[in-house]
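The figures here come from the full heavy-atom set of this structure, side chains too, leaving out hydrogens, waters and symmetry mates. Predicted, not measured: the structure shown is a model, and the values here were computed from it. A note on names: the letters A, B, ... follow the listed sequences, proteins ahead of strands, and every chain is numbered from 1.
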Amino acid sequence: MTEPLQVQIMVMSGVDDGTLHTFDARYDGQPLNDSWTLTIGRRDDNDLCLRGDVFVSRQHANLIWRGAQWYLQDIHSTNGTFIENHNDLFADERVSGTVPLCAGQLFRIGRTWLRLQPLE
Amino acid sequence: MVELRDIMIIARQESQQMRHHFIGVEHLCIAMLRARDSILARTLSERGLSVPYVIEALRRRVGKGGRHRLWAGVPNTPRVNVVLTIAQELAAEAGRQNITEHDLLIAILDEGDSLALRVLTTLNIDLEELRRDILNADALPAVQAAYVHIELLPTLDVTLSPEVLFLLRQMFSDYDRVRVEDRLAGGHSGALLLLVTPIRDGSEHASLVVKIGPADLILDEAQRFERYIKTTLPPMTARIEERPVSPPLTELVGIKYTLASDGQSAPRSLRTIVQSEPLDGFAQWLRSALYHTYAPRWWAQRRPFRFEAWQEYDALLPPVLEIDYLPHPPADAIHIRYPIRRQRLTQIHYGQTVQIENFIVHRIDRAAHSITLSLGHGSTRALQITVRDLDLESEAYFRGELVESIAGRVVRTRHDSLMAGLAELTPDFDPRDARLILDQKRIPNPFTQYQPVLDHTVTGSISVVHGDLHLGNIMLGVNNTAMLIDFGQSREGHTLFDWAVLEMSLLAELSLPYLDNTWDSARRAAAELLELTPPIIVDPIRLELLVEVRHIVAELLANPKRRDEYWVALAVVALRASLWTTMSVPQRRLMVYVAGVAIGELIDHGAAPDATEFSGLTG
């Protein structure tokens, strides 16, 4: 079982730039068998709540751990979820549906850039 | 030495303009770039990266904040506090009371994980090299280009502003002298295009084309070149070899197009040739040198592309609306947002208030205090709306930014703009007439009858297009190779657009000897050049060029029986040209007829395939 007990998300932009959030499968999110879902949005009841960004929807996206892989899922957010495009600063790749996400990769929820921290 | 206090003042301004209301590492970096004599501006400029470009890249990466402030004051981000702690230690170690730019830069590099640094890395800046340069910064020379003599050919009727001369000296700081050979027609963009020969130690190096213009225009061109052109160019041609150059704190940026050349004879533009030389053989040249060189990676790619004409071509016409900014729109403002009922837009009139939602900033005109918004990114930049009367000092806008909501009062509609353009071409006919007469036939008046063109659905192909393929942008180099310059409009788009622009440009130049100040001369030239009547005044060699363009177009049609694909492009391109103030009034009148003929063909034959010849011009 490769289930991670913990995951860390680093805020990379906005007023909270530099803040590290740590989540633990025993206390946060919705663990289900061998999968684990963390919710991201502007409302307080999300696992990761981004209050400081008006471009974040109330329920914006989910981070899902399934089959030893992280996935990023956009849940019909108004302003979109994006993944960093290394080749072109001006063309972030918009996420539609669910896409795999690697540790270290930057993604953007509304106007806030986040990063899934690589595990030590 | 710039001190933290001064950097913080600019950083706050930047944060305010971006509606961020916090201080992040990106604001510190932009502040350092904007500060006078800053190390960061100097070291980045030395790597050929212009200051406005880096600022724009940083701004785009983080995006702009929303309307509402969610907290009081202007707090530092946690990351900035880390950076400031490191900087404080660095200053203390060096025995300094106050943090300087030097400490702050090293601290940002030490912290090492900010988005700002990621942006620099994406722009190919080696952070270790940057650190070395900053540590050696005191040894760096102040930004002061070696004195380079700029000579203008005496025959040239050009005066260059001190700002342009300064930029040229910086661009050619490795040379002793630069001779300006020619000023190339820069089209409508307002940029300056010069053909220059740099000289070092008495020996002349290969001539090249320099383009100088406002930062956002030139930087956009450099991006388009990277994105669409660089990888699709044939080997022997003009290309942008270096990054854009701009001295810190100027609005101007310059780029160089190096031309494949033997260093002997200076390249000439096709426009110069058409104006001054016999044209025997040039029809063949269009095909063998121009078409065959670029077609394989560009026009001949022929990927199917079905589009509504307005999506591709609306942006060529005057803005659909020009509005004066209103900070507090009334509740009854008309909302304009996607999806758009275009019908509705044409019914909006002077004095009404509109509220535009989720449009993209397409152009910023600081001198006019205006921005132009459009629907959608990239090549789909249809339905342009110009917002005037903005205070661009207190609120930053940048290209590509999404504006959630902005309102204003309509001061000019597209119809007003078109009528104003037409008024410059009168007297002699009534602009309200629905039809014009050409060669005893009635053709639509394009100024009032363009709507069916925009409503047309086109079955065509998409490919990389140059985007502004007029004669002035086609250069002849060694062995008469075809070299293209000016990629400011390059994109993936309707394949036939380039050829419609080329035909328009050929018509404008080839007709010149036959035009005088009357509508009659424009009418006669149009009829003969479009081969509606047999040539009497027009030299048949000139016609051959036009015929060759139509042959190439016929080969590029997605469906050889559906010529409407071309008429749409030609109609809009000619209508736009008829409004250009850079073209003479007689040429603009000719364009009115060209647009009218194209619209007439579209209305008569557009709906269904027809088997008639492709106008008279199939030879």
If we only count heavy atoms from C-beta on, is the A:Val15 to B:His20 side-chain gap below 4.5 Å? no

Return the CG to OG1 distance between B:Asn358 and A:Thr78, rounded to the nearest 0.5 Å. 9.5 Å

At a 4.5 Å cut-off on heavy atoms, which part of B:Glu111 comes close to chain A: side chain, backbone, both, or neither? neither

Supply the atom-to-atom distance A:Glu84 CD to B:Thr122 OG1, rounded to the nearest 0.5 angstrom. 6.0 Å

Taking salt bridge (Lys or Arg N to Asp or Glu O under 4.0 Å) as the cut-off, I'd like each qualifying pair that reaches into residues 47-76 of chain A, sequence neighbours left out, listed once. A:Asp44-A:Arg51

Max heavy-atom pair count under 4.5 Å with chain A, selected residue of B:Glu26, B:Glu404, B:His21: B:Glu404

Per-residue tally against chain A (heavy atom, under 4.5 Å) across B:Leu115, B:Asn76, B:Leu123 peaks at B:Leu115

Which heavy atom of B:Pro78 sits nearest a heavy atom of A:Gly18, and at what distance? CB-C, 4.3 Å

B:Gly66 to A:Val54 - nearest heavy-atom pair and separation: CA-CG2, 3.7 Å

With sequence neighbours excluded, residues passing ring-ring contact (aromatic ring centres under 6.0 Å, His included) with A:His60: none

Using every non-hydrogen atom in the two residues, find where A:Met12 and B:Asp113 come nearest and quote the distance to one decimal. CE-O, 3.0 Å

Of the backbone (N, CA, C, O) and the side chain (C-beta and beyond), which part of A:Asp16 lies under 4.5 Å from a heavy atom of chain B, both, or neither? backbone

Side-chain (A:Arg111) to main-chain (B:Lys64) donor-acceptor, under 3.5 angstrom: yes

Begin with the C-alpha distance, continue with both residues' side-chain angles, and end with the deciding distance and a verdict on salt bridge (charged side-chain N to carboxylate O under 4.0 Å, His left out) for B:Arg61 and A:Asp92. CA-CA 9 Å; B:Arg61 178 85 309 192; A:Asp92 305 325; 2.4 Å; yes

So for B:Glu226, is it side chain, backbone, both, or neither that comes closer than 4.5 Å to the heavy atoms of chain A? neither

Heavy atoms, side chains only, cut-off 4.5 Å: are B:Arg79 and A:Thr19 in contact? no

